[in-house]
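Scroll down for the structure; my scribbles are underneath it.
Scope of the values below: all heavy atoms of this structure, side chains included, with no hydrogens, waters or symmetry mates. Everything numeric here is computed off the predicted structure, so don't read it as measured data.
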Amino acid sequence: MFIGSSTHSKSVYVKPEIHKTKPFMRILVYSLNFAPELVGIGKYNADFANWLTKQGHEVQVICAPPYYPTWSVYPGYKSEHYAKQRYRRTTVYRCPIWVPAKPTGLKRILHLLSFAISSLPVLLWRTLAWQPDVIFVLEPPIFCLPSALACASLFDSKVWLHVQDLEIDAGFSLGLVPQSKWFQKLVYGLEGWLLKRTSVISSITDKMLNAIQKKGILPSKCVLFPNWIDTQAVRPLANSSVFREELGIATKQTVCLYSGNLGNKQGLEILIESARLLQSQSNITFVIAGEGSMKEALIQLSSDLNNIVFLPLQPTHRFNELLNLADIHLLPQSTEAADIVFPSKLKAIFASGRPVIATANAHTQLHDIVKGRGLVVPPGNLEAFSQAIQDLSLDSATRLRLGNAARNYAMAHWERNNIMSNVEFRLLALLSPQHLPIAQRRSLSQKSFS
C-alpha cells in the first residue's frame with residue numbers, strides 16, 4: 001500500500017508499523033451513501049466505518065437515506081425525513097434528499113445539491129457538539145466540501161477529501177453540464193480553490209491523483225486510497241456456483257457475467273449488441289445482474305434474444321456465488337469515463353479468480369491493470385469485444401491462467417486490512433496532542449490496542 005504523497009512514478013506498497021498503543025480519534029464521515037446499500041460508495045463507507053470502530057476510534061456518519069443503485073429510496077426509509085440510527089458501532093444521521101426516478105444531468109445536480117443543503121444543519125450540530133478530529137468528506141458530491149471546510153475551521157478539525165469520482169471532470173466529459181468555456185473556467189477555478197483548503201486529498205488510482213495534482217494540488221497532500229476487497233470473503237469456489245443450477249445453465253456453457261450498477265457511464269449497450277452478434281454461439285450465455293437507470297432500456301433492447309439472463313442485485317451473502325457463476329467477467333466502460341472514474345467492481349472480479357474482458361484505451365489505469373490478467377479491447381469496438389468473448393470462451397487454459405494472475409494481483413494490492421491500516425496511519429499522522437479535544441488528550445499508554 002502506498003502512503004504519503006503520490007507522484008507520477010510507480011506506487012510502492014509498504015505496510016507501516018502501527019504501534020500497539022495509539023491515540024483514538026473522532027472521525028465524522030460526510031457522504032451521500034452508506035449501508036444498507038450493497039454496491040458502490042455506500043458499501044465501502046460502511047466497511048471503512050466498521051473497521052475504524054473495531055480499532056477503537058469513534059465514527060459518526062452523516063448521509064442520505066439509501067437509494068442506490070435503484071434510484072428509489074429503500075423501504076423503511078423516508079426521503080424527506082431526518083433520522084438517527086445505529087449501524088454496528090457507528091451512529092448514523094440521515095438527512096433528506098430528492099431522488100429523481102430518471103436522473104439526467106440537471107436532475108443529478110439538484111439531487112446532490114438537495115443533500116448538501118439538508119445536511120448542513122446536522123454537520124454544524126455534530127461539529128459543535130462532538131468536535132471531530134477529522135471530517136472525512138466523500139466526493140461526489142463536492143457540494144458538501146464548502147460546508148465541511150467552514151465547520152472544520154470552528155474547532156481546528158482536519159478535512160480529508162476522498163475522491164471516488166472526479167465528478168466535475170466527468171460532468172463535462174459526459175456532457176451532463178453546460179460546455180461553455182467561461183462556465184468551465186468558473187467551475188474549475190472554484191474547485192481548485194476548495195481543494196487547496198483541505199488537509200489531505202485521496203483517490204482510488206494514481207492517475208486520478210495525477211489529475212488532481214494538475215488542478216494545483218501539491219503531491220505531498222495526495223494519498224492513494226484504493227477501493228479494497230476482502231479476499232477471504234470473495235474467493236474462487238471449489239465447486240460450481242449454485243446459480244448455475246438455479247438458472248438452469250449447463251456446466252458446459254460459458255457464462256459471461258456483468259454484475260453491478262446498470263448506469264449510463266459504462267457503455268452497457270455493447271453487452272446487448274455482443275449477445276446479438278454471438279447468438280449463433282450456443283455455448284455462450286450472457287448474465288446481467290444488478291440495478292440502475294439503464295436496466296429497463298437494456299431489457300427492452302434484448303427482448304428478442306434468448307441468450308441473456310437478467311438478475312436483480314444480489315444480497316451480500318450470495319455475492320461470492322454470483323461472481324463464481326462467471327467463466328468470463330465483462331467490464332465495459334465508455335471512452336469519456338477513462339481515468340475520471342474507476343470501476344470498483346474490478347476488485348471483486350479479480351478476487352474471484354475469474355478472467356475479465358474490459359474495454360479501455362491504452363495507457364489508462366484500467367487498461368494497465370487488466371492487461372495480463374484479462375483481455376482489453378478499445379471502448380465501443382463491438383467486433384473486438386465479441387471476438388474476445390468468443391476466443392476466451394473456447395480457451396479454458398487461458399481463462400485459468402488469467403484468473404490466477406488476477407487473484408494474485410488482488411491479494412497483493414487490494415487486500416482490505418493492509419489498505420485500511422495504511423489510511424489509519426495517515427489519519428493518525430494528521431493529529432498532534434494539541435489538535436485533540438480535551439477529552440481525548442491522553443497518553444498513549446492509557447489506551448492499548450492489540
Side-chain angles (χ1 to χ4, degrees), residues 39 69 234 241 243-244 247 249 253-279 281 283-292 294-295 297-299 301-302 305 307-314 319 321-335 337-338 341-361 364 366-367 369-396 398-399 402-403 405-407 410:
V39 298
V234 179
S241 168
F243 278 94
R244 277 192 179 264
L247 298 174
I249 300 175
Q253 287 289 106
T254 299
V255 175
C256 298
L257 172 68
Y258 174 87
S259 175
N261 176 40
L262 304 179
N264 61 3
K265 67 184 178 185
Q266 284 89 359
L268 297 177
E269 294 87 351
I270 198 172
L271 298 174
I272 309 303
E273 296 167 358
S274 185
R276 191 179 306 281
L277 195 62
L278 295 172
Q279 197 170 11
Q281 305 297 315
N283 65 310
I284 299 175
T285 299
F286 289 77
V287 177
I288 299 177
E291 303 292 340
M294 285 288 294
K295 185 170 185 177
L298 294 174
I299 292 175
L301 286 172
S302 62
L305 300 177
N307 59 345
I308 297 184
V309 177
F310 283 88
L311 289 175
L313 189 66
Q314 297 299 306
F319 185 52
E321 288 283 351
L322 175 66
L323 293 174
N324 277 270
L325 169 63
D327 295 293
I328 303 168
H329 286 280
L330 303 178
L331 187 55
Q333 288 281 102
S334 64
T335 304
V341 296
F342 187 84
S344 60
K345 63 177 69 69
L346 185 64
K347 274 74 173 176
I349 289 172
F350 271 27
S352 72
R354 300 293 198 272
V356 61
I357 299 174
T359 65
N361 288 320
T364 60
L366 180 59
H367 176 279
I369 290 177
V370 171
K371 187 178 180 181
R373 304 169 190 99
L375 302 181
V376 191
V377 301
N381 192 324
L382 174 61
E383 291 73 20
F385 188 69
S386 302
Q387 188 65 54
I389 292 173
Q390 184 173 356
D391 291 346
L392 202 52
S393 72
L394 300 173
D395 193 344
S396 59
T398 298
R399 294 202 304 269
L402 294 175
R407 169 75 179 174

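The side chain to side chain contact (heavy atoms under 4.5 Å, CB included) with L247 is formed by just one residue from the set L325, T285, V255; it is L325.
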### Pair S302-F286, side chain to side chain contact (heavy atoms under 4.5 Å, CB included): steps then yes or no
CA-CA 11 Å; S302 62; F286 289 77; over 6 Å; no
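The two residues F342 and I369 come nearest to each other via the heavy atoms CZ-CD1, 3.8 Å. Contact between A351 and R407 at its shortest, heavy atoms only, is O-NH1, 2.8 Å. For the pair V376 and A360, the tightest heavy-atom approach, listed with the atom from each and the gap, is CG1-O, 3.6 Å.
Taking S393 as the reference, nothing meets the side chain to side chain donor-acceptor pair (under 3.5 Å) condition, with sequence neighbours excluded. For S259, the side chain to side chain donor-acceptor pair (under 3.5 Å) test picks out no residue, with sequence neighbours left out. In terms of the salt bridge (charged side-chain N to carboxylate O under 4.0 Å, His left out) criterion, residue partners of R244 (sequence neighbours excluded) are, by chain and number, D327. Looking at residues two or more places apart in sequence or on another chain, you find a side chain to side chain contact (heavy atoms under 4.5 Å, CB included) between Q281 and L278, N283, I284, Q390. Partners of Q387 by side chain to side chain donor-acceptor pair (under 3.5 Å), not counting sequence neighbours, listed by chain and number: D391. Partners of D395 under the side chain to side chain donor-acceptor pair (under 3.5 Å) rule, at least two apart in sequence or in another chain, are T398.
Looking at heavy atoms from C-beta onward, S274 lies in side-chain contact with L382 at the 4.5 angstrom threshold.
Atom CD of residue E273 and atom CG of residue L268 lie 11.0 Å apart, to the nearest 0.5 angstrom.
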